[in-house]
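A quick note: this is a predicted structure, and the numbers were derived from the prediction, not measured. Reminder, nothing fancy here: chain letters follow the sequence lines and each chain counts from 1.
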Amino acid sequence: MPTHDSGPHDRTGTDPIEESRPKDFIRDIVAEDLRTGKHTSVVTRFPPEPNGYLHIGHAKSISLNFGIPKEFGGECHLRFDDTNPSKEEQEYVDSIMEDVRWLGWDWGTHLYYASDYFGQLHDWAVHLIRTGLAYVCDLNADQVREYRGTLTHPGKPSPFRDRTVEENLDLFARMKAGEYPDGSRTLRAKIDMAHPNLNMRDPVLYRVLRATHHRTGDAWCIYPMYDYAHGQSDAIEGITHSVCTLEFEDHRPLYEWFIEHLPVPHKPRQLEFARLNITYTALSKRKLLELVQKGYVAGWDDPRMPTLAGIRRRGYTPEAIRTFCEKIGVAKANSVVDLAFLEQCLRDDLNKRAPRRMGVLRPLKVVLENYPEGQVEEMDLVNNPEDPAAGTRKVPFSKVLYVEQDDFMEEPPKKFFRLAPGREVRLRGAYFITCTGVDKNERGEITELRCTVDLNTRGGSATDGRSPKATLHWVSAAHAVNAEVRLYDRLFTKANPEDYPEGQDYKANLNPQSLVTLAGAKLEPSLVSAQPGLIVQFERLGYFCADRDSTPGRPVFNRAVTLKDTWAKVQAKDKAESGKGAGSR
RNA sequence: UGGGGAGUAGCCAAGUGGCAAGGCACCGGUCUUUGGAACCGGCUAUCGAAGGUUCGAAUCCUUCCUCCCCAGCCA
């Protein structure tokens with residue numbers, strides 16, 4: 001479709017779709033290539049290495065690679081970059097496919113593996129040998145490093161650089177046949193040992209490596225390096241725009257060198273963008289793997305992990321993640337996106353869609369002294385004020401209730417307008433109540449509140465027009481569902497986890513409060529058999545997702561994100577100010 | 001001291017010679033049966049710096065500064 005003269009971008013500015021379409025330098029290039037007729041449709045690829053779980057950073061790449069062909073017409077391939085069998089596993093390819101699908105993308109029939117091309121890649125290596133552009137090198141890894149030179153000094157040629165084509169052909173065949181031990185020989189491109197770009201100093205194409213590959217088994221004992229495999233895989237698949245992250249910018253000359261010197265069927269173009277970073281978050285595979293393997297978290301899908309599996313379990317939606325990826329933009333400047341931005345994308349999505357429910361995290365018993373013993377009323381509660389179509393539900397109300405401990409203060413400060421002795425508040429969708437007494441135990445701790453209820457305020461409004469400043473959530477004690485609630489917070493205490501004390505590492509910044517488990521939460525009865533994955537808003541608290549650890553009659557909920565909390569902000573400010581005052585004295 | 005990139009508000013980020021978009025965060029206010037949401041306003045950016053070209057420069061030229069990446073038989 002994108003072949004007509006005006007091109008897909010030449011529409012009027014009033015088109016709402018046009019206005020909401022993401023715009024960035026990569027899409028500009030794609031649009032230009034389509035406009036000039038360089039390409040008639042776009043083919044991209046998302047090329048994960050199956051050596052770990054996908055994380056939110058990958059979501060940015062997925063959003064770009066799948067989003068572009070969707071917008072401009074074309075297709076995106078899912079290709080596993082599986083050239084290093086010592087690190088790669090089937091578990092990871094399964095999780096990666098699940099996560100990409102979960103995000104809502106579809107690669108159709110275009111599922112590929114770099115290992116599909118091992119045969120072709122090998123034949124092309126032979127071609128390079130025949131044309132005098134590759135040689136078998138007997139230097140070991142340490143020697144290769146020595147010969148490579150440094151950033152500021154040129155390297156020197158390998159003593160094996162000038163072997164004859166025949167000898168190279170024979171040696172390479174024997175490498176392939178398994179005649180040499182791991183690491184003893186490599187096939188290298190013959191480019192320029194004095195090149196200012198180290199990637200061009202006779203890079204290794206093949207290494208001898210005996211490891212069972214998750215797909216090819218023990219068929220090979222030589223494996224191609226990334227640089228040699230990636231571009232040619234792109235060429236084989238007819239990729240038009242090979243989008244990768246900035247650290248590969250230095251590799252582009254090599255990428256192009258291979259394409260130039262090999263009889264490939266197509267010439268792809270590599271484009272680089274800045275990878276995603278988020279405050280209070282670690283997004284390197286090395287770190288995530290360490291957190292999992294050393295037990296700092298409970299697995300790849302621990303809800304504190306930035307993996308797609310983790311944030312999915314936590315309660316993030318694919319829609320929120322996709323919106324996030326679109327809104328952060330794509331550029332070449334290194335940047336760190338505020339975690340608050342991700343959280344806000346989730347709230348925006350869930351605010352419109354998540355059913356409202358009542359759940360008391362830290363229960364405080366309330367006895368309504370003037371409410372009839374044994375009476376139960378079914379109150380009508382709105383499921384979602386943002387969505388009338390969501391309807392209402394019945395919630396039982398009775399003489400003994402639970403409210404949130406945080407919603408009562410015996411000696412309230414000026415700005416606190418929830419429940420306090422002598423004060424009236426509204427119970428959401430029920431009645432106004434007034435606190436008349438406070439019971440305490442021998443240690444002076446509050447055990448329960450005594451209140452009176454105004455029976456003329458049923459449903460939550462008074463005929464005389466008075467309106468309490470606060471509305472509280474509540475649960476009928478006799479009908480409450482006991483639940484476990486897991487309060488998750490940022491995994492790291494520092495915006496930059498790399499900012500650690502001398503002699504330590506990023507793990508010094510792990511947040512000991514990243515998980516707080518509340519075993520005694522009380523939920524409204526409608527949640528008794530919440531299915532894992534159900535996401536609701538606990539009114540006034542945040543969005544919570546039923547966890548797979550839920551058991552019949554005892555749900556477990558994960559807090560995905562809190563609601564914005566103005567009161568918490570006021571408290572924090574007051575605390576900071578009083579602290580400052582004391583300090584200056 | 002080699003090569004490759006990047007610098008626009010606290011954080012992302014548009015802008016490609018004609019008075020510097022938008023979002024997040026933050027601060028006010030309106031409204032409110034969620035201290036939520038929504039709505040209104042503020043956040044008043046010497047466009048890394050200095051020169052130059054031009055009637056006019058974030059955009060073009062020169063020099064400088066700062067930050068990031070590269071010396072795996074990882075990707």
Side-chain angles (χ1 to χ4, degrees), chain A residues 23-24 28 47-49 51 81-84 86-88 137 139-141 144-146 148-155 182-188 194-201 203-209 222-223 225-227 229-230 244-253 272 274 276 279 285-286 327-345 347-348 351-352 356 358 381-382 385-386 415-418 426-430 432 457 459-461 467-473 495 537-542 562-570:
Chain A
K23 192 173 184 329
D24 52 69
D28 287 346
E49 183 190 12
N51 69 343
D81 224 328
D82 55 351
T83 56
N84 184 359
S86 62
K87 290 184 176 178
E88 297 153 5
C137 180
L139 258 26
N140 65 32
V144 167
R145 190 177 313 119
E146 281 176 36
R148 184 157 35 227
T150 68
L151 295 178
T152 50
H153 295 287
D182 288 9
S184 62
R185 282 180 164 84
T186 56
L187 181 73
R188 302 175 67 179
H195 201 289
N197 180 340
L198 303 213
N199 293 123
M200 301 299 272
R201 318 241 264 228
V204 171
L205 272 44
Y206 272 92
R207 73 277 215 186
V208 180
L209 176 61
I222 56 171
Y223 289 94
M225 300 291 291
Y226 164 85
D227 284 312
H230 202 93
C244 63
T245 43
L246 251 28
E247 66 270 28
F248 292 103
E249 209 154 16
D250 283 343
H251 296 240
R252 195 185 335 127
E272 311 86 10
L276 173 65
T279 55
K285 282 203 181 170
R286 195 204 105 236
K327 290 171 83 168
I328 54 175
V330 177
K332 294 193 72 162
N334 291 317
S335 61
V336 184
V337 175
D338 200 331
L339 214 212
F341 189 72
L342 211 211
E343 294 180 334
Q344 190 53 29
C345 288
R347 291 191 193 100
D348 282 344
N351 176 50
K352 286 174 258 156
R356 268 81 281 214
M358 292 195 289
L381 271 288
V382 171
E386 303 293 319
K415 293 173 200 150
F416 182 88
F417 41 83
R418 275 112 94 146
R426 171 170 35 234
L427 295 181
R428 177 120 231 215
F432 294 0
T457 57
S461 53
S467 183
K469 263 207 128 178
T471 300
L472 273 42
H473 58 280
Q537 181 195 101
F538 286 171
E539 293 229 26
R540 304 205 302 133
L541 299 175
T562 62
L563 249 33
K564 283 191 185 170
D565 189 344
T566 307
W567 167 238
K569 210 176 280 177
V570 170

Practice problem: For L563(A), answer base if it contacts any base atom (sugar-phosphate contacts may also be present), sugar-phosphate if it contacts only those atoms, and nothing otherwise; contact means non-hydrogen atoms under 4.0 Å. | Solution: base

Quiz item: What residues, two or more places apart in sequence or in another chain, satisfy salt bridge (charged side-chain N to carboxylate O under 4.0 Å, His left out) together with E249(A)?
Solution: R252(A), K332(A)

Self-check item: Sugar-phosphate, base or nothing in reach of S461(A), heavy atoms under 4.0 Å
Solution: base

Quiz item: With sugar-phosphate meaning primed atoms plus P, OP1 and OP2, does V336(A) contact a base, only sugar-phosphate, or nothing at under 4.0 Å between heavy atoms?
Solution: sugar-phosphate

Practice problem: Name all residues meeting the side-chain hydrogen bond (donor to acceptor under 3.5 Å, both in side chains) criterion together with S461(A); count only those two or more places apart in sequence or in a different chain, and write none if there are none. | Solution: none

Exercise. Treat primed atoms plus P, OP1 and OP2 as sugar-phosphate and everything else as base, then score nucleotides 69-75 of chain B 5' to 3': B for base contact with protein heavy atoms under 4.0 Å, S for sugar-phosphate contact only, - for none.
Key: BBBSBBB

Quiz item: Using the purine O4'-C1'-N9-C4 or pyrimidine O4'-C1'-N1-C2 torsion, is G5(B) syn (within 90° of 0) or anti?
Solution: anti

Self-check item: Residue list, salt bridge (charged side-chain N to carboxylate O under 4.0 Å, His left out) with K415(A), at least two apart or on another chain
Solution: D574(A)

Quiz item: In whole angstrom, what separates E272(A)'s CD from G5(B)'s P?
Solution: 9 Å

Quiz item: Residues two or more places apart in sequence or in another chain: which of them pass salt bridge (charged side-chain N to carboxylate O under 4.0 Å, His left out) with D182(A)?
Solution: R210(A)

Quiz item: Mind checking whether Q537(A) and L563(A) have side chains closer than 4.5 Å, heavy atoms only?
Solution: yes

Practice problem: Using both pair distances under 3.5 Å as the test, note the stems of at least 3 consecutive Watson-Crick or G-U pairs that include RNA chain B. | Solution: B:2-7 with B:65-70, B:10-12 with B:22-24, B:26-30 with B:38-42, B:48-52 with B:60-64

Self-check item: Rounded P spacing from C31(B) to G36(B) in Å
Solution: 14 Å

Practice problem: Please work out if V330(A) contacts a base, only the sugar-phosphate, or nothing of the nucleic acid, heavy-atom cut-off 4.0 Å. | Solution: sugar-phosphate

Exercise. Give one of base, sugar-phosphate or nothing for R252(A), where a contact means two heavy atoms less than 4.0 Å apart.
Key: nothing

Practice problem: Check side-chain contact (heavy atoms from CB on, under 4.5 Å) between L339(A) and all other residues, then give those that pass, not counting sequence neighbours. | Solution: I278(A), T279(A), Y280(A), T281(A), L342(A), E343(A), R490(A)

Quiz item: Mind checking the P distance from A21(B) to C27(B)? Whole angstroms is fine.
Solution: 24 Å

Self-check item: Integer angstrom distance from the P of U30(B) to that of A45(B)
Solution: 28 Å

Exercise. Would you tell me if any nitrogen or oxygen in the side chain of T566(A) comes within less than 4.0 Å of OP1 or OP2 on G36(B)?
Key: yes

Quiz item: Just checking F416(A): base, sugar-phosphate only, or nothing, at a heavy-atom cut-off of under 4.0 Å?
Solution: base

Quiz prompt | Integer angstrom distance from the P of G10(B) to that of G29(B) | solution = 24 Å

Quiz prompt | Partner set under side-chain hydrogen bond (donor to acceptor under 3.5 Å, both in side chains) for N199(A), not counting sequence neighbours | solution = none

Quiz item: Just by protein heavy atoms under 4.0 Å, how would nucleotides 20-32 of chain B read 5' to 3' in B, S and -?
Solution: ---SSSSSS----

Quiz item: Any idea how Y226(A) and F248(A) line up, ring-wise: parallel (<30°), tilted (30 to 60°), or perpendicular (>60°)?
Solution: tilted

Practice problem: Please identify each residue that fulfils salt bridge (charged side-chain N to carboxylate O under 4.0 Å, His left out) with R540(A), with sequence neighbours left out. | Solution: D407(A)

Quiz item: Hey, do the aromatic rings of W567(A) and F417(A) have their centres closer than 6.0 Å?
Solution: no

Exercise. Could you list the residues that satisfy side-chain hydrogen bond (donor to acceptor under 3.5 Å, both in side chains) with K469(A), not counting sequence neighbours?
Key: none

Quiz item: When all nucleic acid strands are considered with a 4.0 Å heavy-atom cut-off, which category describes P385(A): base, sugar-phosphate, or nothing?
Solution: base

Exercise. Could you give the distance separating A57(B) and A49(B) at their C1' atoms, to the nearest angstrom?
Key: 16 Å

Quiz item: Looking across every strand, which nucleic acid part, if any, lies under 4.0 Å from Q537(A) by heavy atom: base, sugar-phosphate, or nothing?
Solution: base

Quiz item: Of all residues at least two apart in sequence or in a different chain, which pass the side-chain hydrogen bond (donor to acceptor under 3.5 Å, both in side chains) check with E247(A)?
Solution: T245(A), R275(A)

Quiz item: Using the P atom in both, what is the distance from G28(B) to C47(B), to the nearest Å?
Solution: 30 Å

